[in-house]
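Before any comments, here is the structure.
From a predicted model like this one, the values you see are computed outputs, not experimental measurements. Values reported hereafter were calculated over all heavy atoms of this structure, with side chains retained and with hydrogens, waters and symmetry mates removed.
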Amino acid sequence: MSYIQIPQLKPLYPSHYHKDFRELLNFVAEEYNESKAFILKHKNKGEVSYENISFRAFRDDAFAIGTAMLKKGWHGKRIAVVGPNSYNWMATFFATLGGVGTTVPLDRGLPYEELESSLARSYADVLVFDETTHKEMVEKLQAEGKTLVKEYISMKSLEGYENLNDLREQGKKALEEGFEDYKTIPIDENAITILLFTSGTTSMSKAVMLSQQNILSNVKAMEATENFIPGDINMAFLPYHHTFGSVGQTVMLARGVATAYCDGLKYLQKNLVEYKVSVFFCVPLLIESIYKKVMQTVKKQGKEKTLATGIKISQFLLKFGIDIRRKLFKEILDQLGGNLRLVISGAAAIDPEAIKGFNNLGISAVQGFGMTEASPVISAENDKEHALGSCGHAMLGVELRIDNPNENGVGELIARGPNIMAGYYENEEETAKTLVDGWLHTGDLAYADDKGYVYICGRKKNVIVLKNGKNVYPEEIEVMISNLDYVEECMVFGQPRKADDPLDLAVCLKVVYNPNVMKDTYGATTLEEVEKVVRADVDKINDTMPTYKQITKIVVTDEEMVKTTTGKVKRFEETKKL
């Protein structure tokens, strides 16, 4: 079997390996002590106040909740948690992993039937839920009784339910009375203690089996790779039920970074300013949106030439080690809070123009590649090693190969290391397909350049195989289309040219456009006018590509596509609709 080995990243920054989550909790409590770990906003009758919770207080909260769980006899139980990102969500997650049992993080956006199915398939014993988003679903779950869940715990006060604060107080009392089993109970770092469902963009979600070693080996690798500074402020935007969200949050705690919470997508820019956010984990869709808005503001102010000149000057000075970007572009950076210095993108391909644009302004923007099955990061860039359009080198401790490369060096990306899952829960067939001789077959096609940077071409299952044998990678074209200022999202897919010849595929495009940008910038208000603008731009892009890759059919709409909660388009559902 032929393959191309990809070099690993070298450690650049301080890192620690923690054997288990309880050890990590004790480390951050001692290392960062009374420094703020979380910034919580409280609203009461129009009044806004802020509460800072220290690293030591977070450890003590997790220990108290975990102690109460043990007192209730939950040792070895499976504890599911569902709800929007919150301090209580993370406290539940850490309390469970600190010595109680197995955590089952669930997508807050699941419809009732999928939530019920996930609870049943994971054999969850306990459900900790957000009372504002899941009260009605919990009542229905209790009434129908189709799962094994016996205990329902509300995150905050809710009539008829025990809540997390009750557990916290019970645990504190037990600790004061000398019950310290939680602090000493053995933790097997190699045991399966995390059941995490994949996002299911093309099929039914699978429950990934992860250990504490899987997660914490990846935490160490991320610490060693990215420049996180104690005292940084992070905004937890990626959902915690997603590995990039929960593991990213764990890295923030391990490196002494404070975390604030976003009030919602439409308040994102306001919150960046409000909390003076300096570090931001994000999905490409959001980063591209932020960058487009910044550039639209520059355009409206008539400062495009001024910005272009400033970039040329700053890039010239950088050659001599002189960096004036953050001073030169202070007015733009202030729109994002003034402190934003590091943006990390994952979960999908990002438009290189957005990455380049942020870096031009003095914000280090990098991207990585990962998947739930790898806990999650497999490769990444950092502020010292990056190449436009790539997702960096293999992470520290991760072996990465291009398997069976073709004449262009493109093959399936496979990975092996301490971060790789044990398999899919109760799904030996899918496990056998994905894990072969210890290697995780990612299902992504990629190639590496002569410096070892990895470039993702796209999912194997998404590749459009044309009648002439040529391969078209949809994601490659989507990145170019998404750079158009009016494009909210897009999808490239193959569709038969004629009903009687299913093998003769045409390269097609679906574009979701922004009506305001279309109207204000292009004067296009009718669908016919919008289609004309899109077709003209697509023709220009077609001119830059080989004939076989060129888009022949276009579908234009302002209706949002069906997506997962991490912003990935559900291609199967969208193709079915089309």
Side-chain angles (χ1 to χ4, degrees), residues 8 15-28 62-63 66 69-70 74-81 92-105 121-126 181-198 206-224 241-244 246-251 253-254 370-378 394-400 414-428 430-432 434-442:
Q8 291 181 21
S15 65
H16 294 83
Y17 175 68
H18 306 284
K19 183 175 73 69
D20 55 54
F21 273 73
R22 186 171 64 219
E23 188 176 284
L24 188 152
L25 278 169
N26 282 323
F27 170 82
V28 301
F63 273 31
M69 289 176 168
L70 287 185
W74 295 354
H75 183 244
K77 299 291 186 183
R78 294 181 179 183
I79 301 168
V81 56
T92 303
F93 182 75
F94 266 83
T96 303
L97 292 174
V100 178
T102 300
T103 183
V104 185
R121 288 164 58 205
S122 63
Y123 303 99
D125 303 287
V126 179
D181 288 17
Y182 184 84
K183 296 179 180 179
T184 58
I185 198 163
I187 298 173
D188 182 352
E189 68 269 27
N190 295 304
I192 304 306
T193 49
I194 301 157
L195 283 179
L196 220 156
F197 287 90
T198 60
K206 298 181 282 286
V208 174
M209 297 187 290
L210 299 175
S211 69
Q212 299 204 18
Q213 182 191 339
N214 289 153
I215 297 287
L216 294 173
S217 67
N218 209 239
V219 168
K220 175 180 170 62
M222 289 171 72
E223 282 187 66
H241 74 265
H242 188 266
T243 37
F244 197 31
S246 56
V247 178
Q249 177 63 75
T250 304
V251 174
L253 287 163
M371 53 197 300
T372 305
E373 291 85 343
S375 310
V377 187
I378 289 173
M395 289 292 280
L396 183 70
V398 179
E399 287 185 78
L400 206 54
I414 63 174
R416 183 170 67 179
N419 59 321
I420 304 302
M421 69 170 183
Y424 298 116
Y425 185 56
E426 293 191 337
N427 195 338
E428 290 182 10
E430 286 298 319
T431 298
T434 308
L435 286 178
V436 182
D437 297 328
W439 287 90
L440 173 70
H441 285 246
T442 66

Quick check for you: to the nearest 0.5 Å, what is the distance between [X] atom [atom1] and [Y] atom [atom2]?
| X | Y | atom1 | atom2 | value |
| --- | --- | --- | --- | --- |
| Asn26 | Phe63 | CG | CZ | 4.0 Å |
| Asp20 | Ser211 | CG | OG | 11.0 Å |
| Ile414 | Thr434 | CD1 | OG1 | 12.5 Å |
| His18 | Leu25 | NE2 | CG | 10.0 Å |
| Leu24 | Lys220 | CG | NZ | 12.5 Å |
| Thr184 | Arg22 | OG1 | CZ | 6.5 Å |

*Is there side-chain contact between Met371 and Ile378, with at least one heavy-atom pair below 4.5 Å?*
yes
Under 3.5 Å, sequence neighbours excluded: what are the donor-acceptor pairs made by side chains of residues 189-197?
none

*Kindly determine whether Thr372 and Met421 satisfy side chain to side chain contact (heavy atoms under 4.5 Å, CB included), including the steps that lead there.*
CA-CA 8 Å; Thr372 305; Met421 69 170 183; over 6 Å; no
*Give the minimum heavy-atom separation between Ile187 and Gly98, together with the two atoms involved.*
CD1-O, 3.3 Å
*Where is the tightest heavy-atom contact between Gly66 and Val100, given as atom of each residue plus distance?*
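So the two residues come closest at O-CG2, 3.7 Å.
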_Angle between ring planes, Phe21 versus Phe93, binned at 30° and 60°: parallel, tilted or perpendicular?_
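The arrangement is perpendicular - the two ring planes meet at more than 60°.
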Just by modelled atom types, is the [Y] backbone N or O under 3.5 Å from a matching donor or acceptor in the [X] side chain?
| X | Y | answer |
| --- | --- | --- |
| Asn214 | Pro418 | yes |
| Tyr425 | Arg121 | no |
| Gln8 | Gly397 | yes |
| Asn419 | Ser217 | no |

*Start with the C-alpha gap between Thr103 and Ile79, add the side-chain angles, then the distance that decides, and say whether side chain to side chain contact (heavy atoms under 4.5 Å, CB included) holds.*
CA-CA 5 Å; Thr103 183; Ile79 301 168; 5.8 Å; no
*asked:* Hydrogens and angles aside, do Lys206 and Thr198 bring a side-chain donor and acceptor to less than 3.5 Å of each other?
replied: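 No, no side-chain donor-acceptor contact under 3.5 Å.
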*Go through the steps for Asp125 and Trp74 under the test side chain to side chain contact (heavy atoms under 4.5 Å, CB included), then give the verdict.*
CA-CA 9 Å; Asp125 303 287; Trp74 295 354; over 6 Å; no
